[in-house]
S.K.: 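Before I ask anything, let me first share the structure, which is written out below as structure tokens.
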There are 2 protein chains.
Amino acid sequence: MQDEDVSDRRSETLGDEIFDRILDLIYSCELEPGMVVNESALATRFGVSRGPVREAIRRLQGIQLVSREAFMRARVVSLSPQAILELFQMREALEGYACRLATLHMTDEAIDKLISDLETAHALGPQADKTHFDFHERIVRASGNSRIVDSLCGDLYHLLRIYRRISGAVPERKEHAFTEHWQILRAVKARDAALAESLMRSHVERAGRQVLAQVPETRHPGAGGAER
Amino acid sequence: MQDEDVSDRRSETLGDEIFDRILDLIYSCELEPGMVVNESALATRFGVSRGPVREAIRRLQGIQLVSREAFMRARVVSLSPQAILELFQMREALEGYACRLATLHMTDEAIDKLISDLETAHALGPQADKTHFDFHERIVRASGNSRIVDSLCGDLYHLLRIYRRISGAVPERKEHAFTEHWQILRAVKARDAALAESLMRSHVERAGRQVLAQVPETRHPGAGGAER
DNA sequence: AACCATAAATGTGTCAACAGTTCGATCCCT
DNA sequence: AGGGATCGAACTGTTGACACATTTATGGTT
């Protein structure tokens, strides 16, 4: 084993390093949802002790990316349709409110900048996939509420990312998304907070339905999938 | 040291035990906001190794109750006025949405039960302090969204609890709160989701302003208080 | 052949010691 | 006397070994 070794960077702690490393393993689907996350195996693989690995897994558990109890083995979380619905509902609440705050707090210049960025990104087309979430992140960060930003961009983001490749696979959805993003920004520019929030909610809900419709038979072992 | 010893329960892991123990220390103000959380000191105090204590502190860091970076000592988080505002904003978004979901999903019987419980609790008066949050928790759980429930009742709840004794100290606020709770329930019973959500938001915002007005000069070291 | 009890094997929880960094105080220099 | 570098003390990060729980394999029983 030990295909990769850690030996260079020293700015951050080893636990942080391993945390990112395992995250990449999950993103690259080497650790698929439902698979067990073995402490000692990962430890020997990364060439470190079990301590940092254990710590990283605990952090992953903290942001709900792996499920684990007492002495059971940790597993990469596998979301049931119900869990996906709840995830998008929470995003709806938080991102809608963030959009409201952004409408109230953004400067006119920042709004215009965001509009132009959106349009140029859409004109480019190809890498519009990346643009999608950039828009949402921009709005969320513009809310000025760092707690909401952390929750959305730090925790939920990881979960969404696992299931996002599915929604990104639909081609004509992107055009819809662009239109909706543009409408939201119009409401923001008009300083209509209620409308902006409402539009954002609808937009997120639609995206959620999209994902939910395309992932009805993801593996969710134990007929639950929900953890903790 | 070692004023207390852990030797009986074995159902849960030691780390969980220590986690609850430190939480109690924070609630009982033995660990005030801003104070350092010393791994080895707590380890010898609880009569365990540093491992479980370390794990517990990491979990506390995960729910934002202690702040810590790289090799620095961990400290109990001390919220700046700005951070308190953001906390209540997040609660406003989440709890408002939860109220909306509850309005859509609760059965008529459950609503009537909640109304009668609220009124009897108000009639008793004395322990109305406990009732306050019970109401919110009841609504949140009635939403049926376990992710929102976990976030509100599991994470934010701990932070709010530290600063709640201040808001609870105001006497006539309780009467206000009861009236607002009652109005919210009327909207729920009328199945007016938009109104219920709006009322809940106003209610939470008012509570937040109350706390904010009474804690202008809490210690927030480093002229920031916000962590991470 | 199916089923329950038992035992090896795997994996997690805990511990005590070691290594590196930060914090605090002392000491030196201007 | 004030400011800054230096040394020591305290604390966090990391490690490898040990103890316990769970899972899997094995064997005896009905």
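These values consider heavy atoms only, across backbone and side chains, with no hydrogens, waters or symmetry-generated copies. To find a chain, count down the sequence lines: A is the first, B the second, and so on, and within it residues start at 1. Predicted model, so just to flag it, every value in this text is computed and none were measured.
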S.K.: Whole Å only: how far is the CD atom of A/Glu12 from the P atom of C/dG20?
M.R.: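 One finds 18 Å between P of C/dG20 and CD of A/Glu12, rounded.
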
S.K.: So B/Val37, base contact, sugar-phosphate only, or nothing? Heavy-atom distance under 4.0 Å.
M.R.: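 It contacts sugar-phosphate atoms only.
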
S.K.: Are B/Thr13 and C/dT14 close enough that a side-chain N or O sits under 4.0 Å from OP1 or OP2?
M.R.: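 So the side-chain polar atoms of B/Thr13 do come within 4.0 Å of the phosphate oxygens OP1 or OP2 of C/dT14, strictly under.
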
S.K.: In whole Å, what is the span from the CD atom of B/Glu55 to the P atom of D/dG13?
M.R.: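 So the CD-P distance, B/Glu55 to D/dG13, works out to 14 Å.
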
S.K.: Describe the nucleic acid contact of B/Gly51 in one word from base, sugar-phosphate, nothing, applying a heavy-atom distance below 4.0 Å.
M.R.: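 Counting heavy atoms under 4.0 Å across all strands, no contact is made by B/Gly51.
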
S.K.: Using atom CZ of B/Arg68 as one end and atom C1' of C/dT22 as the other, report the distance to the nearest whole Å.
M.R.: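 Rounding to the nearest Å, CZ of B/Arg68 and C1' of C/dT22 are 14 Å apart.
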
S.K.: So, OP1 or OP2 of C/dG11: does either fall under 4.0 Å of a side-chain N or O from A/Arg75?
M.R.: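 Checking C/dG11 against A/Arg75, no side-chain N or O comes under 4.0 Å of OP1 or OP2.
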
S.K.: Taking CD1 from A/Ile18 and P from D/dG13, how many angstroms apart are they, rounded to a whole number?
M.R.: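 So the CD1-P distance, A/Ile18 to D/dG13, works out to 15 Å.
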
S.K.: How many Å lie between CG on B/Asn38 and P on C/dT21, as a whole number?
M.R.: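 My rounded result for the distance is 20 Å.
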
S.K.: Estimate the overall bend of the helix from C/dA1-D/dT30 to C/dT30-D/dA1 from the end axes over five pairs each, rounded to 10 degrees.
M.R.: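 It works out to 10° between the end axes.
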
S.K.: Checking B/Ser151 now: which residues fulfil side chain to side chain contact (heavy atoms under 4.5 Å, CB included) with it, not counting sequence neighbours?
M.R.: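 A/Met90, B/Met90, B/Leu94.
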
S.K.: From the options D/dG13, C/dT12, D/dT15, select the nucleotide whose nearest atom is closest to the side chain of A/Pro52.
M.R.: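 So the side chain of A/Pro52 is nearest to D/dT15.
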
S.K.: Spell out, as yes or no, whether a donor-acceptor pair under 3.5 Å connects the side chain of B/Glu86 to the backbone of A/Ser146.
M.R.: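 Checked: pair present.
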
S.K.: For A/Val140 and A/Tyr157, what are the C-alpha separation, side-chain angles and deciding distance, and is it a side-chain contact (heavy atoms from CB on, under 4.5 Å)?
M.R.: CA-CA 12 Å; A/Val140 169; A/Tyr157 171 77; over 6 Å; no

S.K.: Could you tell me the separation between the CZ atom of B/Phe46 and the C1' atom of C/dT14, rounded to a whole number of Å?
M.R.: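 Computing the B/Phe46:CZ to C/dT14:C1' distance gives 16 Å.
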
S.K.: For the side chain of B/Met72, starting at C-beta, report the closest nucleotide among C/dG13, C/dT22, D/dG13.
M.R.: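 Comparing C/dG13, C/dT22, D/dG13 against the side chain of B/Met72, the answer is C/dT22.
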
S.K.: Apply side chain to side chain contact (heavy atoms under 4.5 Å, CB included) to B/Arg209 and list each qualifying residue two or more places apart in sequence or on a separate chain.
M.R.: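 B/Arg209 satisfies side chain to side chain contact (heavy atoms under 4.5 Å, CB included) with B/Glu205 only.
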
S.K.: Distance check: side-chain N/O of A/Arg58 vs OP1/OP2 of C/dG13, anything under 4.0 Å?
M.R.: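 Answer is yes, contact under 4.0 Å.
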
S.K.: How many whole angstroms separate atom CG of B/Leu14 from atom P of C/dT12?
M.R.: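 Computing the B/Leu14:CG to C/dT12:P distance gives 18 Å.
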
S.K.: Do the side chains of A/Val37 and A/Val53 get nearer than 4.5 Å, heavy atoms only?
M.R.: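 Side chain of A/Val53 against side chain of A/Val37, heavy atoms only: no contact under 4.5 Å found.
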
S.K.: What is the distance, rounded to the nearest whole Å, between atom CZ of B/Arg73 and atom P of C/dG20?
M.R.: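 Rounded to whole Å, this separation is 21 Å.
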
S.K.: If only atom types and distance count, is the side chain of A/Thr13 paired as donor or acceptor with the main-chain N or O of A/Asp16 below 3.5 Å?
M.R.: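 No.
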
S.K.: Could you check which of D/dT15, C/dT21, C/dG13 has an atom nearest any side-chain atom of A/Glu39?
M.R.: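 That would be C/dG13.
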
S.K.: Is there a donor and acceptor pair, one atom on the side chain of A/Arg50 and one on the base of C/dG11, closer than 3.5 Å?
M.R.: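 Donor-acceptor pair under 3.5 Å: no.
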
S.K.: B/Ile22 pairs by side-chain contact (heavy atoms from CB on, under 4.5 Å) with which of B/Ile57, B/Leu65, B/Val76, B/Val66?
M.R.: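 Exactly one pass, corresponding to B/Ile57.
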
